[in-house]
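Because only heavy atoms are used, hydrogens play no part in the values below, and waters and symmetry mates are left out as well, while side chains stay in. Proteins get letters first, then strands, A, B, ... in listed order; numbering begins at 1 in each.
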Amino acid sequence: MRPFIYGELLFMSFIPLSEIPRIASIFFLVDCNNFYVSCERVFDPSLEGSPVVVLSNNDGCVVARSNEAKALGIPMGGPIFKYRSLIARHGIRVFSSNYILYGDMSHRVMEVLSLFAPDLEIYSIDEAFLSLPAGDPREMMSKAREIGETVRRWTGIPVSIGIGPTKTLAKVANKIAKSDEVYGGVFSLGGEANPDAYLKEIKVGDVWGIGRQREKTLKRHGVCTAYQLKWVPDEWARRHLSVTGLRTVWELRGISCIPMEEVASSKKGIVSSRSFEKWVERKEDLKEAVSLYATRAANKLRKAHLYAACLQVFLSTSPYREGPQYANAYTMHLPYPTDYTPLFVASACQGIDKIYKSGYQYKKAGVALMEMSRSSVRQGSLFWSKGREELARQDRLMRAVDVVNARYGGEMLRFASSGLTRKWGSFPSFRSPRYTTRWEELPLVR
DNA sequence: TCTGGGGTCCTAGGACCC
DNA sequence: TCTGGGGTCCTAGGACCC
């Protein structure tokens, strides 16, 4: 059993604050600066100092911006077509997402971080929490600087580091570290400095765990800063923000309620979906699309050595357009937990039959796999009639497909139901080379 | 014309059971 | 007019994150 975190203990037994033992460990939040842009810059130094943006999967919206692009007023998540003229005027460099490159660079950064702290939680592709034994505040700061410099030197990626007695305060500290170059990329709310002066400057919507809806609720009640949120009554927080919001409040007070999660929890679901370039009306076309998405989801599933026992297919029209809207989803339980692509493809198509309505212009569809189990253990069922040999045959077929695709790239072997033209994939127009994972795309030095 | 994709967690309400 | 209470499980929807 893992040890209790003080906050959890408090939730359970209502120990008075004064009796909490001193906190013995401290959190570092290491966050890569403008991560996707930084990855592009590692391999193309000419991008240094100029405005750069990276686009989402379909080249639809902006998902990463260099500081120069931020200064020009390009917002996170903004649809790129709105900024065409700004881009042309300022010579902003535009890239499609290159997730293979970013994933590999992320892995390198995490490897370096793991050398500094055995307790490492990879929180997202560009962020990690480190838990270190609390010590002299100045030593903590110099430790953080050492971490930052090492990551930069060994991977080329610049990072900012926030230090705090709770994850939420480490997040706030990180925000402050990024806000001004005078901090040199490191800021601590964990030392002897009184954090309240800083919390008064942080907008409540910028606190980790406070999104748009909760921000609105809080503002309605006059709570506008992190400092004000810190002191709302517990009972009020519980009622208006639910238990997760109450945890955030306690974390701002310096009581750690959100523990480290060091073992990556096994996936609970796998989703594959895309918006279409143009809207789609025919049922057959939707089936082609979801066949491809089912295939991709199954590939991810096998890579993670998992089976799924449940499949959901969904479709929707575009909420941004005028006209009749329709969205629906259909969930099916599979006869047995499996990673066998043809079963997913067939189920996804059946799902489309169930929810398709003619007369709508569909903009998006997808497939989700759920109820996962490890593929090393296959649970039997009274009701499936497939014999051992049939399951073994399916396994062999999938392994063969995976081997061919690994060797010859991407989707060399596909299922005919997903169509022979690649019209449902994404067509990244401005993708950089996969510098670190493809021999043909290695960077050249002249 | 063109607006991402992939996740997690919590809650309320209904079905069902004894 | 009378018409239990308490528990679990499942699902849909909403909120949050990067």
Of the options [options], whose atoms approach the side-chain atoms of [X] most closely?
X: A:W208; options: B:dT8, C:dC17, B:dG5; result: C:dC17
X: A:S56; options: B:dG7, B:dG4, B:dT3; result: B:dG4
X: A:R84; options: C:dC18, B:dG7, B:dC2; result: B:dC2

*Can you tell me how far P of B:dC9 sits from NZ of A:K268, to the nearest Å?*
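Value for this atom pair: 4 Å.
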
*Specify the separation, in whole Å, of atom CG of A:L55 and atom C1' of B:dT3.*
12 Å

Under 4.0 angstrom between [X] side-chain N/O and [N] OP1 or OP2:
X: A:Y293; N: B:dG6; answer: no
X: A:K363; N: B:dT3; answer: yes
X: A:S273; N: B:dG6; answer: yes
X: A:K267; N: B:dG7; answer: yes
X: A:R274; N: B:dG6; answer: yes
X: A:N58; N: B:dC2; answer: no
X: A:K171; N: C:dC17; answer: no
X: A:K278; N: B:dC2; answer: no

*Go through DNA chain C and write down every stem, that is, every run of at least three consecutive Watson-Crick or G-U wobble pairs with distances under 3.5 Å, as range with range.*
B:5-18 with C:5-18

*A:D104 vs A:R434, salt bridge (Lys or Arg N to Asp or Glu O under 4.0 Å): CA-CA, chis, key distance, verdict*: CA-CA 9 Å; A:D104 184 58; A:R434 289 161 287 190; over 6 Å; no

*Cation-pi geometry met for A:K143 and A:F116 (6.0 Å, 45°)*: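 Negative - A:K143 is either too far from the ring of A:F116 or too far off its axis.
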
*cation_pi(A:K357, A:Y326) dist<6.0 Å, angle<=45*: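 Judged by the rule (NZ or CZ under 6.0 Å from the ring centre, within 45° of its axis), A:K357 counts as positioned above A:Y326.
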
Under 4.0 Å between a side-chain nitrogen and a carboxylate oxygen: does that hold for [X] and [Y]?
X: A:D234; Y: A:R238; value: no
X: A:E215; Y: A:K219; value: yes
X: A:E127; Y: A:K171; value: yes

*asked:* Ignoring hydrogens and geometry beyond distance, is a side-chain donor-acceptor pair present between A:T244 and A:R214 at under 3.5 Å?
replied: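 A donor-acceptor contact under 3.5 Å links the two side chains.
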
*asked:* Does either side chain, that of A:N98 or that of A:S432, offer a donor lying less than 3.5 Å from an acceptor on the other one?
replied: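 The criterion, which ignores hydrogens and geometry beyond distance, is satisfied for A:S432 and A:N98.
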
_Taking B:dC16 as the reference, what is the distance to C:dG4 when you measure between their C1' atoms (whole Å, please)?_
15 Å

_Can you pull out the residues from residues 119-129 of chain A that lie within a 4.0 Å heavy-atom distance of DNA chain C?_
A:Y123, A:S124, A:D126, A:E127

Could you go through nucleotides 10-16 of chain B and list every protein N or O atom that sits under 3.5 Å from one of its N or O atoms, giving the distance for each pair?
| unit_1 | atom_1 | unit_2 | atom_2 | d |
| --- | --- | --- | --- | --- |
| B:dC10 | OP1 | A:R247 | NH2 | 3.2 |

*asked:* Over all strands shown, is A:I270 touching base, sugar-phosphate only, or nothing at heavy-atom distances under 4.0 angstrom?
replied: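 Sugar-phosphate, backbone atoms only, no base.
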
*Touch check for A:S272, heavy atoms < 4.0 angstrom, all strands: base, sugar-phosphate only, or nothing?*
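Sugar-phosphate, backbone atoms only, no base.
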
